[in-house]
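Here is the structure we will look at, set down as structure tokens.
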Amino acid sequence: MVILLFGAKKMPQMARSLGQSMRIIKAETKGMRGDDEAEAKPEQAAPAVRQAPAPQLPPSTPEKSPEQMKAEIDELQRKLAAQDQAQKNAS
């Protein structure tokens, strides 16, 4: 009956779509079950969250002096200008 309605060429595409839909539904129902279990046991889930402190980053120290950084910026700007000029000459 389905073959008569949609044709044999559409059957593989329809089967793939049905399979993807079933996977999505399965994943969503698992997620909903996980949410329900988390709500039912909040006292067990909450301590695990509280025990994980945020990582502390060490204070950053500049590896280069401001003069070195300025020289690098100037060099990069010169290279960029040279590339722009080369592109203008090519067109």
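Just so it is clear, the model here is predicted, and its values are computed rather than measured. Residues: numbered from 1 along the sequence shown.
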* To do: Can you sort out the partners of R78 under side-chain hydrogen bond (donor to acceptor under 3.5 Å, both in side chains), two or more places apart, ordered by chain and number?
  => E75

* Structure fact -> Across all chains, not counting sequence neighbours, the side-chain hydrogen bond (donor to acceptor under 3.5 Å, both in side chains) partners of E28 are none

* To do: Could you tell me whether D84 and K88 have a side-chain N and a carboxylate O separated by less than 4.0 Å?
  => no

Can I get a per-line list of side-chain donor-acceptor pairs under 3.5 Å for residues 13-20, giving both atom names and the distance, sequence neighbours left out?
residue: S17; atom: OG; partner: Q13; partner atom: O; Å: 3.1

* Distance, nearest 0.5 Å, that separates CD1 of I24 from CE of M22 -> 11.0 Å

* Enter the distance from Q85:CD to N89:CG here, rounded to the nearest 0.5 Å. => 4.5 Å

